[in-house]
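Okay, structure first, notes after.
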Amino acid sequence: MDYEHYFAKRIAELKSEGRYRVFADLERQRGRFPVALNYRDGKTHEVVVWCSNDYLGMGQHPDVIAAAQEALDRCGAGAGGTRNISGTNHYHVLLEEELATFNGKDSALLFTSGYVANQTALSTLGANIPGCVVFSDELNHNSMIEGIRHGRSAKHVFRHNDPENLDQLLSAYPKETPKIVAFESVYSMDGDIAPLAEICDVAEAHNAMTYLDEVHAVGMYGAEGSGVAERDGVRDRISIIQGTLAKAIGVVGGYIAASESCVDYVRSYGPGFIFSSSMPPAVAAAALASVRFLRAHPELRDKHQERAATCKRLLTEKGIPILPSVSHIIPVMVGNAALCKQASDILLNEFGIYVQPINFPTVPVGTERLRITPTPLHDDAMMAHLVESFCAVWDRLDLHKNHPAKAAKAAE
Ligand SMILES: Cc1ncc(COP(=O)(O)O)c(C=O)c1O
């Protein structure tokens, strides 16, 4: 085989479909978020980042930076091993204790990312619980899908956010069959939120465990910010809560929180936990400071929701087609990969606005979009500039007539 030819051909395919991924080369500026420098054409350009998952700007919070600096000074750069072989630093222990109480659970376990947390926890449960059957929401993130696949247990996919369909699928199995219902709270591409209580009702009726990914909710929902399960008062009905430290917490890493025996089980049998070096102590210290701050500062969550609601209103008033998201995520529908990329390029190059195009396979073909994530640090002037710029781009590319029916409905 001509390997080089094969690789080049596959890349050419992506380019011709308009879904070749080009990274924006950014330098984040401490103290200036959401402003960043964009390296392009041999120069730097100031841009406002409108698509960051550092949803609350905690990546630059003074407490977080101070904690990271102090831990770096005390402990040095790396953790020095896997958790089992010299890589458990006291900051990991403190952070796991904090994440357990944060989530209202007995215990928590850290992973190097949210992706690894999902992949490891779900594959370890699915592979080892005898006769286990997993029920997975059809829009679950790739990390959950991969975890379930690697577990090699029987699997059923239920219709998105549809407890009735879940009930039908679960009904095919006797109560004694071990079952896991895996789903997310906030779905990051449409910004919709799962009916947690209804899903718990169904799972409990069939004696199934529940596995909830709170990656796009942690820090932002609930009185202390642990997620939608806290907001909806159903944390004790969720068997395993999974989350990330890389989005609203502003650092990197992932976790699960659950009963002591469940966490101990994943700790003891999960390859993605056992065989990988632990996160640097400074990262754990930074995440710890961030979680502590967020638990004590609900006003940041209020401000975040206000900013998202204001941005949605301003865009809708100008006829920019957004999906009717009930969360902080604002999907602006374009419905065509090439146009989506073109719109994003114009926004970046001419208006200093960075919004990454979201294309297949992240979203289905025909639903390509620009996904806006306002933070508490996006001020009114930035928002006015965003709306004006979107209007200009929509007119220039004649996108008003292009958007799909779903988005058109939202704009009515
Ligand atoms: C729903 C969901 N789960 C898990 C992950 C993985 O988290 P992390 O970025 O910490 O690896 C992501 C990442 O975007 C996600 O969207």
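The first residue of the sequence shown is numbered 1, and numbering continues consecutively from there. Side chains included, hydrogens not; waters and symmetry mates left out as well; all remaining heavy atoms used. Each ligand, and each atom within it, is numbered from 1 in the order the structure gives.
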ask   = For atom CD of Glu13, is the number of surrounding heavy atoms from other residues, nucleotides or ligands below 6.0 Å larger than 12?
value = yes

ask   = What do you reckon, does His216 have a nitrogen or oxygen under 3.5 Å from a nitrogen or oxygen of ligand 1?
value = yes

request  = Using the six-membered ring of Tyr55, assess whether NZ or CZ of Lys247 lies under 6.0 Å from its centre and within 45 degrees of the ring axis.
outcome  = no

inquiry  = I need the nearest protein heavy-atom contact for atom 14 (O) of ligand 1: residue, atom name and distance, please.
reply    = Lys247 NZ, 2.8 Å

query = Does any N or O atom in Glu184 lie less than 3.5 angstrom from one in ligand 1, N or O only?
reply = no

His328 ring center near Tyr221 ring center (under 6.0 Å) = yes

inquiry  = Quick check on the 6.0 Å ring-centre criterion: do His141 and Tyr187 meet it?
reply    = no

key: For Thr244, atoms of ligand 1 separated by under 4.0 Å from a heavy atom   = 8 (P), 10 (O)

request  = Report, in ascending order of atom number, the atoms of ligand 1 lying under 4.0 Å from any heavy atom of Asn118.
outcome  = 3 (N), 4 (C)

key: Atoms in ligand 1 flagged as close to Ser143, the criterion being non-hydrogen separation under 4.0 Å   = 3 (N), 4 (C)

task = Inspect the surroundings of OH in Tyr265 and state if more than 12 heavy atoms from other residues, nucleotides or ligands are less than 6.0 Å away.
result = yes

message = Let me confirm one number: the CG-CD1 distance from Leu386 to Ile330, rounded to the nearest 0.5 Å.
response = 8.5 Å

inquiry  = For atom 5 (C) of ligand 1, what's the nearest protein heavy-atom neighbour? Residue, atom name and distance, please.
reply    = His141 CE1, 3.5 Å

message = Quick test of your reading of the model: are Lys105 and Asp236 salt-bridged, counting only N-O distances below 4.0 Å?
response = no

request  = Could you tell me whether some N/O pair between Gly114 and ligand 1 is separated by less than 3.5 angstrom?
outcome  = yes

request  = Looking only at protein heavy atoms, identify the closest one to atom 3 (N) of ligand 1 and say how far it is in Å.
outcome  = Asp213 OD2, 2.6 Å

key: ligand 1 N/O within reach of Tyr115 N/O, cut-off under 3.5 Å   = yes

